[in-house]
Amino acid sequence: MENHTSVPTEFNIFLFSSKADSPALISFLFTVIYLLGVLMNVLIVTLIYLDEQLHSPMYLFLCNLSFVDMCYTTTIVPKLLHMLSTGNHKMSFRECFTQMFFFFLASGTEDLLLFTMAYDRYVAICKPLHYHSILSKKVCSFYMAAIWFSAGLNSCLITVTTKKMSFCNSTTIHHFHCDAKALTKISCAGKEMFYLVIYFESFFLGLCPFLCSLTSYAKILQVIFHIKSGDRRKKAFSTCSSHLIVIMLYYSTAASVYLLPSSRYSDTLDQVFTFLYATVTPMLNPLIYSLRNKDVKAAVMRLLQFRYNT
């Protein structure tokens, strides 16, 4: 029987919607995606650290994005693989909310970081002569500290309000990780404050950064279309289009989790879209940036040449 106490000692993670799913196949899929994502993001961080030509605000933000992407997948996938390999789908109360805290920390940081990267491109293209004064090392360091602090505060608020809910309906979470939305479905009381915090978070850390990013790119496109040099126009568009692709991938999949109406398939869809934005997108980000960024490809060649010569 399920534990019907208001403060359960553990949750049961109901992995995926069908019992016919192959644990071995799912484990293999998640392992490949996780390892590829981590390796490629480590490569991006290493390149930016070792190559002095990449020591600019744009690549500082990209380095942080790669680190956040590794945090995203590491928060979820190792525990998921452990549950699949052992068959033990139990997660303690403390484990659940620890995972939730770091998951929302990563998501909040990514939201603000993507907007900051859009602002960086706006300054670089629309105000190139003032770029280094507007985005000095001191200013960039302040931005990064503010981003992590804001994301940490937001994560604390969500985790604390979720923890205060009463779980007397069930202790089974229909998701592959400790998801706040899934917890509201098994809660019988205390959800009002949680919804208030989520609405606040969705507006200030979701909608506002997204709209500000789109506004930045609208202004950027206006400037790009007026650039007379074809090479300069192509380079500016290539750099910005990479970031715009990342933004659209992330927000379209993340928003789908919270905007889709409830239905008999909502649990399955939530897991699919969470899988996309929390595991697949972090794996694709380094590919998108490296394949479309000449500076990154040049840094790879310099690193390989240095290794070969030594």
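In this chain, numbering begins with 1 at the start of the sequence shown.
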- request: Indicate if L113 and F203 have the same hydrophobic cluster label, given that clusters are the connected sets of ILVMFWY residues with side-chain heavy-atom separations under 4.5 angstrom.
  value: yes
Side-chain donor-acceptor distances from residues 128-135 under 3.5 Å, at least two apart:
unit_1 : atom_1 : unit_2 : atom_2 : d
Y131   : OH     : D120   : OD1    : 2.6
S133   : OG     : H130   : O      : 2.8

query: Residues two or more places apart in sequence or in another chain: which of them pass ring-ring contact (aromatic ring centres under 6.0 Å, His included) with Y251?
result: F210
- prompt: Using the benzene-type ring in the case of Trp, are the ring centres of F167 and F11 under 6.0 Å apart?
  reply: yes
statement: Nearest heavy-atom approach of L60 to M144 is CD2-CG, 4.5 Å
query: By side-chain contact (heavy atoms from CB on, under 4.5 Å), which residues pair with K163, not counting sequence neighbours?
result: F93, F97
field: Under the ring-ring contact (aromatic ring centres under 6.0 Å, His included) test, residues paired with Y72 that sit two or more places apart
entry: F103
- request: Find out if a path of hydrophobic residues (ILVMFWY) with successive side-chain heavy-atom gaps under 4.5 Å connects V160 to L157.
  value: no
- request: Compare all side-chain heavy atoms of Y250 with those of S107 and state whether any distance is below 4.5 angstrom.
  value: yes
- request: Search all heavy atoms of S155 against all heavy atoms of M100 and return the closest pair with its distance.
  value: OG-O, 4.3 Å
message: Applying side-chain contact (heavy atoms from CB on, under 4.5 Å), can you list everything that pairs with F102, at least two apart in sequence or on another chain?
response: T75, T98, L105
- line: When every non-hydrogen atom of V38 is compared with those of M70, the smallest separation belongs to O-SD, 3.9 Å
task: State, with a plain yes or no, whether a side-chain heavy atom of K90 is found less than 4.5 Å away from one of N12.
output: yes
statement: Residue set satisfying salt bridge (charged side-chain N to carboxylate O under 4.0 Å, His left out) with K191, at least two apart, ordered chain then number -> none
task: Only counting residues at least two apart or in another chain, list the ones meeting side-chain contact (heavy atoms from CB on, under 4.5 Å) with N154.
output: I158, E201, L205
- request: Say whether, by atom type as modelled, one donor and one acceptor occur between the side chain of S187 and the main chain of L183 under 3.5 angstrom.
  value: no
- request: Would you mind reporting whether L65 and E110 have side-chain heavy atoms less than 4.5 Å apart?
  value: yes
message: Are I48 and L39 connected into the same hydrophobic cluster when the rule is that any two of I, L, V, M, F, W, Y join if their side-chain heavy atoms are below 4.5 Å apart?
response: no
field: Sub-4.5 Å side-chain heavy-atom contact between H174 and K185
entry: no
message: Within the 4.5 Å heavy-atom criterion, are T274 and F176 side-chain neighbours or not?
response: yes
message: With salt bridge (Lys or Arg N to Asp or Glu O under 4.0 Å) as the rule and sequence neighbours excluded, what pairs involving residues 66-79 come up?
response: K79-E95
Pairs touching residues 35-62 that satisfy salt bridge (Lys or Arg N to Asp or Glu O under 4.0 Å), sequence neighbours left out: D51-R302
In a table with atom names and distances, give each donor-acceptor pair under 3.5 Å that connects a side chain of residues 215-226 to protein atoms at least two apart or in another chain.
unit_1 : atom_1 : unit_2 : atom_2 : d
T215   : OG1    : L211   : O      : 2.8
S216   : OG     : C212   : O      : 3.0
Y217   : OH     : H243   : ND1    : 2.3
H226   : ND1    : Q222   : O      : 2.6

Between F200 and F204, ring centroids under 6.0 Å: yes
query: If we only count heavy atoms from C-beta on, is the F67 to N41 side-chain gap below 4.5 Å?
result: no
Cut-off 3.5 Å, no hydrogens considered: what does the side-chain donor-acceptor table look like for residues 26-34, sequence neighbours left out?
unit_1 : atom_1 : unit_2 : atom_2 : d
S27    : OG     : P23    : O      : 2.8
T31    : OG1    : S27    : O      : 2.6
Y34    : OH     : T74    : OG1    : 3.1

message: According to salt bridge (Lys or Arg N to Asp or Glu O under 4.0 Å), does anything in residues 123-132 pair up with another residue at least two apart or in another chain? List the pairs.
response: none
